[in-house]
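Here is the structure we will look at, set down as C-alpha cells.
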Number of protein chains: 2
Amino acid sequence: MTNLPSIKQLQYLIAVHQHQHFGRAAEACFIGQSTLSSAIQTLEETLGCQLIERENRSLMFTDIGEEVVIRAKKIIADTMSVKELTKSYKHPLSGKLTLGVIPTVASFIAAPLYQFCLQQFNQLQLVLVEDTSDKLLDKLEHGHIDMAMLALPYHTERFHTQVLAKDHFSLVHHQDYEIAADVSDLNLLPDKSVFLLEREHCMTGHALSACHLNRSDCINPFEAANLHTLLSMVEYQNGVTFLPQMALNAGILQGKPIVTNGVLGDAYREIGLLWRKTTGRIHDFRLFSEKVGEFVNQQCEQAKKEN
Amino acid sequence: MTNLPSIKQLQYLIAVHQHQHFGRAAEACFIGQSTLSSAIQTLEETLGCQLIERENRSLMFTDIGEEVVIRAKKIIADTMSVKELTKSYKHPLSGKLTLGVIPTVASFIAAPLYQFCLQQFNQLQLVLVEDTSDKLLDKLEHGHIDMAMLALPYHTERFHTQVLAKDHFSLVHHQDYEIAADVSDLNLLPDKSVFLLEREHCMTGHALSACHLNRSDCINPFEAANLHTLLSMVEYQNGVTFLPQMALNAGILQGKPIVTNGVLGDAYREIGLLWRKTTGRIHDFRLFSEKVGEFVNQQCEQAKKEN
DNA sequence: AATAAATGATCAGATATTGCGATAGATAAA
DNA sequence: TTTATCTATCGCAATATCTGATCATTTATT
C-alpha cells in the first residue's frame with residue numbers, strides 16, 4: 001500500500017491556501033498553529049516536494065502546490081458528498097435545500113410551490129432564489145444553490161437535467177383586437193404586432209422557436225424586461241404576445257382586457273430541474289423532482305374544454 | 001470541521017468490496033483482520049449507516065454501501081493522482097509509461113518511436129501496446145494504458161486530446177496502371193477500382209472523408225484487414241488505394257511494383273495523443289507529447305520537390 | 001453427533017499519529 | 001533597541017490505528 005496523503009492534511013492545506021496564513025488557517029480548522037505547521041510538513045514529505053514557500057512575512061504556494069490545492073479541493077468535496085449521500089439516505093429530504101428558479105417561472109409558482117413543499121416535506125427547509133438562467137447555473141456550479149429550476153431547452157452538459165413538465169404557449173391579445181380566426185402561420189401576423197421580452201431572455205427564444213416565428217418584421221422592436229410591462233404594451237398598443245400556460249393559470253390576465261386566443265398546438269417550453277452530477281444528495285433530488293414534477297404539471301395543466 | 005471518513009478507511013472498504021472477504025482484504029492491505037474489521041465499523045459509524053451486511057459465511061454490500069464504494073474508488077484514484085503529480089514533477093518522465101498505438105500507426109513508427117524515446121527519455125521505461133481505437137480507449141479508461149496514440153478525428157469527450165501531426169494521404173496504384181493525370185475528383189475513378197481496409201477500420205473512414213469519396217460504386221467490395229493484404233490486392237487487381245505519408249516514408253512500397261500518384265491536397269488524417277483528463281502525470285504527458293510530436297511530424301514529412 | 005475449519009467481532013495492549021502549549025528563531029515595524 | 005508578527009521546533013498528552021489472541025457462530029467433514 002502506498003502512503004497517501006490523509007484527508008485532514010488536504011483540508012489543512014486548503015485552509016492555508018484560503019487564508020494565506022498559518023495562524024488564521026489553524027484557527028479556522030480549530031487546531032493549534034504548531035499542529036498545522038507539522039501537518040503541512042508531513043504532507044510535503046509524503047508528496048516528496050515543497051508545496052509552500054515560507055518567506056519572511058508572507059506565504060507563497062509553489063506551482064505544484066497550487067495544482068495540489070485544486071485537486072485537494074475536489075477530493076474533499078467528493079468525500080463530503082459521501083457523507084451527504086449517507087445522511088440523505090437516513091433522513092430523506094431533511095435539512096436545508098436551496099432551489100434557484102428563473103423569473104418567468106418563479107413569478108407564478110414560487111409561492112404555491114413553497115406551500116406545497118411545506119406540506120409534502122415537513123422536514124425540509126426550502127430556500128427559494130430567483131435569478132436568470134445563466135446566473136443560476138453559475139450559482140449551481142459554485143454550490144451556492146443545490147438545484148436550479150429553469151426553462152428548457154437550455155444547453156448545458158455540466159449538470160444532470162430532469163424534465164418536469166411541458167408548459168404550452170398561448171397567443172393573447174386585447175379583447176377588441178381583431179385577429180384572423182385561423183392563425184396557423186404566426187408569421188402572417190401584421191408588422192410590429194408581436195411583443196416579446198428582451199432578447200436575452202430565455203423565454204423570448206423559447207417563444208420564437210416554439211412558434212416557428214422567423215419573419216422578424218412582425219416583431220415589435222420594443223423589449224420588455226418583465227411580463228407585466230409586456231402585457232401593458234400589448235394592452236395599450238393593441239398587439240399580441242405569447243404567454244405560458246403557467247402564467248395564465250396563475251391569473252395574470254385577471255382584470256385585464258386581454259384574452260387568450262387558445263393554445264398553440266406544439267408550441268411549448270419545458271420546465272426542468274438541474275443538479276450537479278456529483279451531488280451526494282441524489283436520492284433527495286430524485287424524490288424531490290418526482291413530487292415537484294407532479295406539482296408543476298398541475299400548474300401547467302390546460303383547462304379541458306374551456307371555451 | 002465535520003468528521004469525514006479517512007483515506008485509509010475508504011481504501012479498506014474498497015478492498016473488502018474487491019475480495020468480498022474480510023480476511024483476504026486485510027491481507028491485501030497488509031493489516032490484520034481485526035484492524036480491518038474495526039476500521040469498517042468506524043467508517044460505518046461516521047457515515048451513520050450500515051455499508052456491509054455480514055451474514056453467516058458471506059458478505060453483502062448494502063445499496064448505500066455499493067454507492068459509497070463507487071465514490072470511494074474515485075476519491076482514492078484522485079488522491080493517488082496527486083502523488084503521481086508530485087512524483088512526475090520531481091522526476092520528469094521516469095518510470096513506466098504504457099502507450100497504446102493503433103495498427104495503422106504502430107506498423108510504421110513503433111520501432112523508431114521506441115528508439116527515439118530510449119534516447120530522449122533515458123529514465124523512461126516505455127511499453128507499447130497495439131490495438132484498435134475502441135479497445136485502446138477502453139484500456140485508457142480502465143487504466144491499463146497511460147496514453148493512446150490514434151488517428152483523428154475520433155469522437156471522444158472523455159479524454160484530453162493533443163494533436164501531434166497531419167498525415168497526408170497519397171493515391172497509389174500499380175506502376176502499369178494508367179490513371180488520368182489529373183484526378184481532381186476521385187469519384188470519377190473507374191468502378192470497383194478503389195481498395196480499402198475493412199469498413200470498421202478508422203483509416204477507411206478517414207480516407208473516405210478526407211478524399212471526399214461519396215460515390216460508392218468506385219469502391220471495391222473487398223475489405224482488407226491490414227495494409228499488406230490491401231497492397232497485394234492493389235498489386236494484382238490493378239486498382240488504387242490511399243496510403244498515409246507515414247507508411248510511404250516507412251518504405252512500404254519498396255520492392256513493390258506500386259507507385260504513388262502524389263499527395264492529395266487537403267486529404268489527411270491527424271495523429272493525436274489522448275490521456276485521462278484526471279491524470280496526475282500531466283507534466284509528463286505534456287513533455288512527452290511535445291517531443292514525440294516533433295518525432296511524428298518528421299515521420300509524416302512530405303519529401304520536398306521529389307519528382 | 002462430534003469434530004474441524006472458516007469467519008467476523010471483540011478485547012487488552014503496543015505503536016503511530018495527531019494534538020497542545022511553550023518557546024525558539026527570524027524578520028519587519030516602531 | 002524594542003516590540004510585534006510569524007512559522008518551526010520540542011516535549012508531552014490524547015487519540016487513532018494496529019496487533020495477536022480469543023470468542024461466537026456457522027458450515028463442512030468425519
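Computed from a prediction, not measured in an experiment: that's the story for all the values here. Computed over heavy atoms, backbone and side chain alike; hydrogens, waters and symmetry mates excluded. Order of the sequence lines fixes the chain letters, A, B, ..., with proteins taken first and strands second; residue numbering starts at 1 for each chain.
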Of the listed nucleotides [options], the one nearest the side chain of [X]:
X      : options                  : result
H21(B) : dC18(D), dT17(D), dT7(C) : dT7(C)
R54(A) : dT7(D), dG8(C), dT10(C)  : dT7(D)
F22(B) : dA8(D), dA9(C), dT7(C)   : dA9(C)
Y12(B) : dT7(D), dC18(D), dT10(C) : dC18(D)
T35(A) : dT7(C), dT7(D), dG19(C)  : dG19(C)

Scan the side chains in residues 114-124 of chain B for donor-acceptor partners under 3.5 Å anywhere in the protein, sequence neighbours excluded, and list what turns up.
none

Closest-nucleotide ordering on DNA chain C, the 5'-leading residue of S34(A) and T42(A):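 Counting from the 5' end, the first nearest nucleotide belongs to T42(A).
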
Rounded to the nearest Å, what distance is computed from the [atom1] atom of residue [X] to the [atom2] atom of nucleotide [N]?
X      : N       : atom1 : atom2 : value
R24(B) : dA5(C)  : CZ    : C1'   : 14 Å
L43(A) : dT17(C) : CG    : P     : 14 Å
E53(A) : dC6(D)  : CD    : P     : 19 Å
L59(A) : dA8(D)  : CG    : C1'   : 13 Å
Q20(B) : dA6(C)  : CD    : C1'   : 17 Å
L36(B) : dT7(C)  : CG    : P     : 14 Å
Q41(B) : dA9(C)  : CD    : C1'   : 7 Å
I31(A) : dA14(D) : CD1   : P     : 18 Å

Residue met sooner reading DNA chain D from 5', once S38(A) and A39(B) are mapped to nucleotides: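 Looking at the nearest nucleotide for each, S38(A) comes out on the 5' side.
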
- prompt: So which one's nearest nucleotide on DNA chain D is more toward 5', K8(A) or S37(A)?
  reply: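 Between the two, 5'-proximity favours S37(A).
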
- prompt: Below 3.5 Å, does any donor atom in the side chain of Q33(B) face an acceptor in the base of dA9(C), or the other way round?
  reply: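 In this structure, the two groups form a donor-acceptor pair.
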
- request: Could you tell me whether E67(A) and R71(A) have a side-chain N and a carboxylate O separated by less than 4.0 Å?
  value: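 Counted as a salt bridge, because a side-chain N and a carboxylate O are separated by less than 4.0 Å.
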
field: Result of checking K96(B), K139(B), R281(B) against D146(B) for salt bridge (Lys or Arg N to Asp or Glu O under 4.0 Å)
entry: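 Going through K96(B), K139(B), R281(B) one by one, the salt bridge (Lys or Arg N to Asp or Glu O under 4.0 Å) with D146(B) is satisfied by R281(B) alone.
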
Can I get a per-line list of side-chain donor-acceptor pairs under 3.5 Å for residues 14-22 of chain B, giving both atom names and the distance, sequence neighbours left out?
{"from": "H17(B)", "atom 1": "NE2", "to": "E66(B)", "atom 2": "OE1", "distance (Å)": "2.9"}
{"from": "H19(B)", "atom 1": "ND1", "to": "A15(B)", "atom 2": "O", "distance (Å)": "3.0"}
{"from": "Q20(B)", "atom 1": "NE2", "to": "H17(B)", "atom 2": "O", "distance (Å)": "3.0"}
{"from": "H21(B)", "atom 1": "ND1", "to": "G23(B)", "atom 2": "N", "distance (Å)": "3.0"}
{"from": "H21(B)", "atom 1": "ND1", "to": "R24(B)", "atom 2": "N", "distance (Å)": "3.0"}

task: Look up atom CE in M60(A) and atom CD in Q50(A), then write down how far apart they are to the nearest 0.5 Å.
output: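 It is 11.5 Å, given to the nearest 0.5 Å.
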
